[in-house]
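To start, the structure itself, in structure tokens.
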Amino acid sequence: MKIIYLVLLTLLMALPVKAAEDFYHFDSLETQSRFQDLTSELRCLVCQNQTIAESNAPLASDLRGQIYRQILSGQSDKQIVAYLVSRYGDFILYNPPLSAATIGLWFGPLLFLLSGIGYLFFYLRKHKIRAA
Amino acid sequence: MKIRAALPFIIFAAIGTILWWGLSLHPEQVPSPLINKPVPTFSLPILMQKRMATENDFIGHVTLLNVWASWCNTCAEEHDFLLTLARDPSLVIYGLDYKDETAAAMKVLHDNGNPYQMVMLDTEGSVAIDWGVYGTPETFIVDKKGIIRYKHIGALTPAVWDEKIKPLVDKLRNEPA
């Protein structure tokens with residue numbers, strides 16, 4: 001009896017994990033993984049820190065449906081992404097293209113890294129001179 | 001030496017300024033790539049009419065398209081202001097009823113008044129995706145040629161209307177059809 005309760009409890013805890021998944025049928029593993037890859041690289045515009053794959057927002061669910069239908073109708077990944085970008089802009093991409101608006105995003109971390117290395121370099125050189 | 005002592009404060013002030021500026025941003029208002037693009041091709045049933053609405057309904061006049069739903073609280077807040085705008089018969093106001101039950105939408109319009117010359121029923125929400133809608137309410141301004149010229153996300157208020165939308169609508173009215 002105890003085991004049954006335990007199993008039920010575990011199943012109950014697994015519910016939220018399953019929550020953001022709708023039931024889509026795929027004819028092959030390949031299309032299924034395409035669907036998973038596409039939905040997990042697109043941003044949900046309602047809860048902006050979640051992907052379309054993760055989000056429970058109704059819009060995310062609608063967009064999953066849209067992507068599913070477009071995959072079935074033979075659209076390529078590029079065409080599907082282009083369609084969504086033409087509706088919602090680059091903001092929907094978690095991997096945004098390089099443009100004037102995203103240049104800081106792409107090269108900002110590199111700038112920080114280089115200035116850190118630069119600072120370290122000068123600091124070490126100064127100490128070397130003092131030690132000598 | 002003096003500069004070194006002040007450095008942490010300078011860095012703090014710089015970070016503070018950037019973060020303070022960040023607070024004034026509105027990341028929830030995503031700029032629409034549809035601005036200056038034609039109205040997407042679509043076909044939707046119209047509330048209490050037999051014909052279907054299409055992109056051709058946007059040709060020949062300046063249109064305000066309001067995306068709303070009976071379940072949307074912010075839409076209820078802007079409803080009165082839309083009724084005020086509807087007193088000007090030269091402004092064509094369309095409603096796009098987003099993912100709604102038609103009976104519930106009809107009840108709202110019956111109880112609170114109907115600012116829309118035409119209400120299109122997007123029960124599935126699929127046409128709204130073509131318009132780049134991701135929440136309600138959203139308001140679009142479409143020019144006489146059927147080109148989307150402006151999008152406002154969130155409730156329509158007298159302040160937003162006076163500052164941003166009315167000057168644009170006045171300008172678009174003077175453009176040739």
Side-chain angles (χ1 to χ4, degrees), chain A residues 22 38-39 42-52 55-73 75 79-94 96-97 99-102 104-105 108-109 111-112 115-116 119 122-123 126-127 130, chain B residues 1 3-4 7-8 10-11 14-15 18 21-22 25-42 55 67-75 96-101 122-138 140 147-148 150-151 153-154:
Chain A
D22 310 284
L38 268 173
T39 52
L42 294 167
R43 183 194 303 272
C44 169
L45 291 106
V46 180
C47 19
Q48 302 182 345
N49 290 328
Q50 282 188 308
T51 64
I52 286 175
S55 175
N56 287 323
L59 179 79
S61 168
D62 290 350
L63 288 174
R64 284 195 292 271
Q66 192 85 11
I67 291 164
Y68 176 71
R69 282 190 296 277
Q70 294 199 10
I71 285 179
L72 287 200
S73 71
Q75 302 269 338
Q79 284 170 317
I80 297 171
V81 168
Y83 166 78
L84 289 167
V85 167
S86 74
R87 269 42 186 147
Y88 293 103
D90 286 343
F91 193 80
I92 200 167
L93 304 172
Y94 260 118
S99 74
T102 58
L105 200 61
L111 196 74
F112 277 107
S115 58
Y119 176 76
F122 283 113
Y123 182 84
K126 212 161 97 186
H127 274 249
R130 264 191 208 159
Chain B
M1 199 59 216
I3 294 173
R4 270 192 103 165
L7 203 59
I10 294 169
I11 292 172
I15 294 174
I18 293 169
W21 171 72
L25 299 177
H26 292 277
E28 77 281 5
Q29 295 184 5
V30 182
S32 173
L34 288 163
I35 304 300
N36 295 328
K37 298 267 162 63
V39 166
T41 314
F42 72 98
E55 65 280 6
V67 184
W68 69 288
S70 68
W71 45 261
C72 154
N73 292 326
T74 318
C75 304
L96 182 79
D97 190 25
Y98 176 65
K99 297 190 78 170
D100 207 355
E101 282 172 34
D122 189 14
T123 321
E124 298 289 314
S126 53
V127 168
I129 289 179
D130 277 343
W131 280 77
V133 169
Y134 63 90
T136 46
E138 285 185 14
F140 294 85
I147 310 285
I148 300 171
Y150 189 76
K151 176 182 181 180
I153 295 157

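Residue numbering restarts at 1 for every chain, and letters A, B, ... go by the order of the sequence lines. Computed over heavy atoms, backbone and side chain alike; hydrogens, waters and symmetry mates excluded.
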Other residues, nucleotides, ligands: >12 heavy atoms within 6.0 Å of Glu101(B) CD: no
Crowded around Glu124(B) CD? As in, over 12 foreign heavy atoms under 6.0 Å? no
[X] to [Y] - nearest heavy-atom pair and separation:
X: Gly89(A); Y: Pro33(B); answer: N-CG, 3.2 Å
X: Lys126(A); Y: Arg4(B); answer: NZ-NH1, 4.4 Å
X: Val46(A); Y: Tyr134(B); answer: CG2-O, 3.4 Å
X: Asp130(B); Y: Arg87(A); answer: O-NE, 3.1 Å

Examine whether an atom of Lys37(B) lies under 4.5 Å from a heavy atom of chain A, and if so say whether it belongs to the side chain, the backbone or both; otherwise answer neither. neither
With distance as the sole test, does Gln66(A) use its side chain to make a donor-acceptor pair with the main-chain N or O of Ile129(B) at under 3.5 Å? no
Does any N or O in the side chain of Tyr88(A) come within less than 3.5 Å of the main-chain N or O of Val133(B), such that one atom is a donor and the other an acceptor? yes
Considering only heavy atoms and a distance below 4.5 Å, find which of Pro27(B), Ser126(B), Ser32(B) pairs most often with chain A. Pro27(B)
